[in-house]
Amino acid sequence: MDCLKDPVNDRQVKTLKPPPHRPLAKNLMFPDKLKNKPDWKLLKDHLQKEGRIAKEELFKLVADCNKLLKNEGNVLYLQDPLTVVGDIHGQYYDLLKLLEPKVGGNPETTKYLFLGDFVDRGSYSIEVVILLYAIKINYPNTVYFLRGNHECRQLTAFFNFKDECLYKYDQETYDMLMDSFDLFPLSCIINSKFIAVHGGISPDLKSIEDLKKLDRYHEPPRSGLFCDILWSDPVDQDQGNLDVQWKGNEVRGCSWFFGNEASNKFLQKNNLISIIRAHEAQLDGYKMHRWNGGQDFPVVITIFSAPNYCDVYNNRGAVIKFENNTLNIQQFQYTPHPYLLPNFMDIFTWSIPFVAEKITEMLYNLIQAGDQGDDDDDVNQEDIEQFKILTQQNKQFNKQQSTGSTGKSTEKLKNKLKFVATMMKMQKTLREQSESIMKLKGACPDKRLPKGILSAGKTAITDALADFNFAKTADIVNEKMPSQAQIPQQSVSIKKPSNTVQNKKK
């Protein structure tokens, strides 16, 4: 398919070709040779070039995948070899890296389990869903999805997936995708020894049978077992100690923190070794919670597969690779992606701060000239008095003009000068730091900037972004993530204890 021309050569990411100017044709997306299945390789390349697919083809793709999802139980049972993937969060170009043979593995020959949070935060959530659904349809017995806490209506409306759907398609498309997310399974048992969920365990989770009894085909509730397996977190403590087995998760605003006691109790009762989960950003892409001691197998393993999360975290992504009773952690770095204006903003909205800054600068110069003229005998005093009257009328709007002394008028003029100067500084900051401000707003719980941040200028915004406490949102990812220099890609191999293999053979 022909690409758009780039006559002025102004694309930000030169390594990516210009986008196709038409949606992928139906006969190319669903070729006869694949017996009505999508050509996921062609689709992958098309989306990588920022191409789109028509709404009709998207609905067909999702409908075909829904038939597969409906037939899967709440609990999946999988054996290695298997690649387990954590949060993706709309980072399509990092997903392409993940699917490479040297990272997660080629989907044609690799079994995949995705732990949820496919959408939100990144700007390419729809592309992530389209590609993964296409791969699922082609390999229904080797590609599996679990539901994350972001696969729900509440969070996708709060963050940016709903906005993305409205920008690229419409409300009907958003509703259709939300209904599809309601079909996702909730958990998986791997090699009969590991339980995989998106968030964690629950005080209401006594056995695997409790998961099988859940009605998953609806919006997740704000409490209870369904909520907890999507939202709960392991306590951030080296020994996993808690004063009680379950502590209210005040960071998330729902669900629980669980520690060593609750985890071991659940694992022992169900003859399991470890809990595998996603849900939290990690600087290295993974975290081993070795609450039973450094030599024992981790009680909980957190995996996170969105490198350089939100384009600011500078973290690495990782996946878990199970093979021959061995668990390997494969890390990978982020991949550059095409630049988009924040929150799918159009060029006219984006340009408003530029216009506002210039208008404010003009007003500032006018008032400054008026203020200087009070002590300048060469300036026409009649013009100065007229300017004072106009500025007073503008401020008091529909009120009677005050008849104060010249001294009061001068003081008011100086106050206006100070006010407009502050406004000009804020407008300049808003224009020059617009992208950083959008990132900071996205990191604040109520999407409001901290008070005084614009008037404080560029340094304050940079400092605020560097503090990862501003990343505490409804899907809080880590209380604080320190900066660290990039580390060369490596693999970490962890061998199961010998008794694990013996138990597996029984």
Side-chain angles (χ1 to χ4, degrees), residues 35-38 40 58-88 95 99 104-105 107-119 128-153 176-202 205 207-221 225-230 270 272 275-279 303 305 319-320 322:
K35 299 180 180 178
N36 212 31
K37 292 182 178 180
W40 70 271
L58 174 58
F59 272 61
K60 171 177 168 48
L61 180 78
V62 174
D64 291 347
C65 191
N66 286 348
K67 296 175 183 178
L68 301 173
L69 296 171
K70 286 179 181 178
N71 291 328
E72 295 175 347
N74 287 357
V75 182
L76 304 172
Y77 289 86
L78 301 178
Q79 298 290 324
D80 66 18
L82 175 69
T83 297
V84 180
V85 182
D87 298 33
I88 298 173
L95 173 62
L99 295 175
E108 292 179 300
T109 57
T110 305
K111 190 185 301 181
Y112 272 99
L113 173 66
F114 294 85
L115 299 184
D117 275 12
F118 305 93
V119 302
V128 167
V129 171
I130 290 173
L131 178 59
L132 290 181
Y133 274 38
I135 295 174
K136 170 72 174 175
I137 293 170
N138 278 275
Y139 312 109
N141 298 320
T142 57
V143 176
Y144 297 92
F145 309 145
L146 298 188
R147 191 171 191 172
N149 63 310
H150 274 261
E151 276 72 61
C152 73
R153 293 157 185 83
M176 177 269 298
L177 289 171
M178 288 298 104
D179 291 341
S180 179
F181 294 162
D182 287 340
L183 305 177
F184 283 10
L186 304 177
S187 62
C188 178
I189 303 298
I190 303 172
N191 286 356
S192 302
K193 289 300 174 183
F194 298 86
I195 181 170
V197 291
H198 177 73
I201 56 176
S202 166
L205 180 58
S207 71
I208 306 304
E209 292 300 317
D210 295 326
L211 295 171
K212 295 179 180 179
K213 295 175 184 177
L214 284 174
D215 174 16
R216 76 177 195 254
Y217 304 107
H218 57 82
E219 183 80 352
L225 177 56
F226 193 173
C227 169
D228 294 340
I229 59 176
L230 304 182
N270 292 275
L272 298 171
I275 301 162
I276 296 177
R277 42 95 64 176
H279 196 39
I303 194 73
S305 304
V319 296
I320 299 175
F322 284 94

Fill in: For Asp64, salt bridge (Lys or Arg N to Asp or Glu O under 4.0 Å) partners two or more places apart
Lys60
Fill in: CD1-CD1 distance between Ile190 and Ile195, expressed to the nearest 0.5 angstrom
9.5 Å
Worksheet item: Is a side-chain N or O of Asp179 found less than 3.5 angstrom from the main chain of Phe181, in a donor-acceptor match?
Response: no
Worksheet item: Closest heavy-atom contact between Cys227 and Pro221?
Response: CB-O, 3.3 Å
Item to complete: Compare all side-chain heavy atoms of Phe184 with those of Leu146 and state whether any distance is below 4.5 angstrom.
Response: no
Practice prompt. Please indicate whether Lys67 has more than 12 foreign heavy atoms, meaning atoms of other residues, nucleotides or ligands, lying under 6.0 Å from its NZ.
Written response: no
Item to complete: Determine yes or no for a side-chain-to-main-chain donor-acceptor pair under 3.5 angstrom, with Asp210 supplying the side chain and Leu205 the backbone.
Response: no
Worksheet item: Atom SG of Cys65 and atom NZ of Lys136: how far apart are they, to the nearest 0.5 Å?
Response: 6.5 Å
Worksheet entry | Trace of the side-chain hydrogen bond (donor to acceptor under 3.5 Å, both in side chains) decision for Ser192 with Tyr77 | CA-CA 8 Å; Ser192 302; Tyr77 289 86; over 6 Å; no
Item to complete: Please step through salt bridge (charged side-chain N to carboxylate O under 4.0 Å, His left out) for the pair Asp80 and Lys193, ending with a clear verdict.
Response: CA-CA 11 Å; Asp80 66 18; Lys193 289 300 174 183; over 6 Å; no
Worksheet, complete the sentence: Between the CG atom in Leu58 and the CD1 atom in Ile130, the distance rounded to the nearest 0.5 Å is 5.0 Å
Worksheet item: If every non-hydrogen atom of Leu131 is compared with every non-hydrogen atom of Trp40, which pair is closest and at what distance?
Response: CD1-O, 3.8 Å
Worksheet item: Can the ring centres of Phe145 and Tyr112 be said to be less than 6.0 Å apart?
Response: no
Item to complete: Specify the closest pair of heavy atoms between Arg216 and Glu72, including all atoms of both residues, with the distance to one decimal.
Response: NH2-O, 2.8 Å
Item to complete: Please tell me if the side chains of Val84 and Val319 come closer than 4.5 Å, counting only heavy atoms from C-beta onward.
Response: no
Worksheet item: Roughly how far apart are Ser187 OG and His198 NE2, rounded to 0.5 Å?
Response: 13.5 Å
Discussion item. Under 6.0 Å between ring centres: does that hold for Phe118 and His150?
Written reply: no
Practice prompt. Check the pair Leu95 / Leu132 against side chain to side chain contact (heavy atoms under 4.5 Å, CB included), numbers first and verdict last.
Written response: CA-CA 9 Å; Leu95 173 62; Leu132 290 181; 4.1 Å; yes
Response to the item:
Note: Gly73 and Pro185 closest approach over all heavy atoms is O-CB, 3.4 Å
Practice prompt. Compare all side-chain heavy atoms of Pro38 with those of Leu61 and state whether any distance is below 4.5 angstrom.
Written response: yes
Discussion item. Given 3.5 Å as the limit, does a donor-acceptor pair link the side chain of Asn66 with the main chain of Leu183, or not?
Written reply: no
Worksheet, complete the sentence: What one should report as the nearest heavy-atom pair of Pro107 and Ile135 is CB-CG2, 3.8 Å
Practice prompt. Could you go through the side chain to side chain contact (heavy atoms under 4.5 Å, CB included) check for Val62 and Tyr133 one step at a time?
Written response: CA-CA 7 Å; Val62 174; Tyr133 274 38; 4.0 Å; yes
Worksheet, complete the sentence: Residues Asp87 and Ala278: closest non-hydrogen pair is OD1-CB, 3.0 Å
Item to complete: First locate atom CG of Asn141, then atom CG of Leu78, and finally report the distance between them rounded to the nearest 0.5 Å.
Response: 10.5 Å
Fill in: Side-chain (Glu219) to main-chain (Arg153) donor-acceptor, under 3.5 angstrom
yes
Discussion item. Would you compute the distance between atom CZ of Phe226 and atom CG of Asn74 and round it to the nearest 0.5 angstrom?
Written reply: 8.0 Å
Discussion item. One thing to verify: whether Asp117 and Arg147 come together as a salt bridge, which I'm taking to mean a side-chain N less than 4.0 angstrom from a carboxylate O.
Written reply: no
Discussion item. Please identify which of these residues, Thr142, Leu82, Thr83, meets the side-chain contact (heavy atoms from CB on, under 4.5 Å) condition with Thr110.
Written reply: Thr83
Discussion item. Treating Arg277 as the side-chain partner and Val197 as the backbone partner, does any N or O pair qualify as donor plus acceptor under 3.5 Å?
Written reply: no
Item to complete: Mind running side chain to side chain contact (heavy atoms under 4.5 Å, CB included) on Ile276 and Leu115 for me, showing each step along the way?
Response: CA-CA 9 Å; Ile276 296 177; Leu115 299 184; 4.2 Å; yes
Fill in: Worked check of side chain to side chain contact (heavy atoms under 4.5 Å, CB included) between Ile201 and Asp228
CA-CA 6 Å; Ile201 56 176; Asp228 294 340; over 6 Å; no
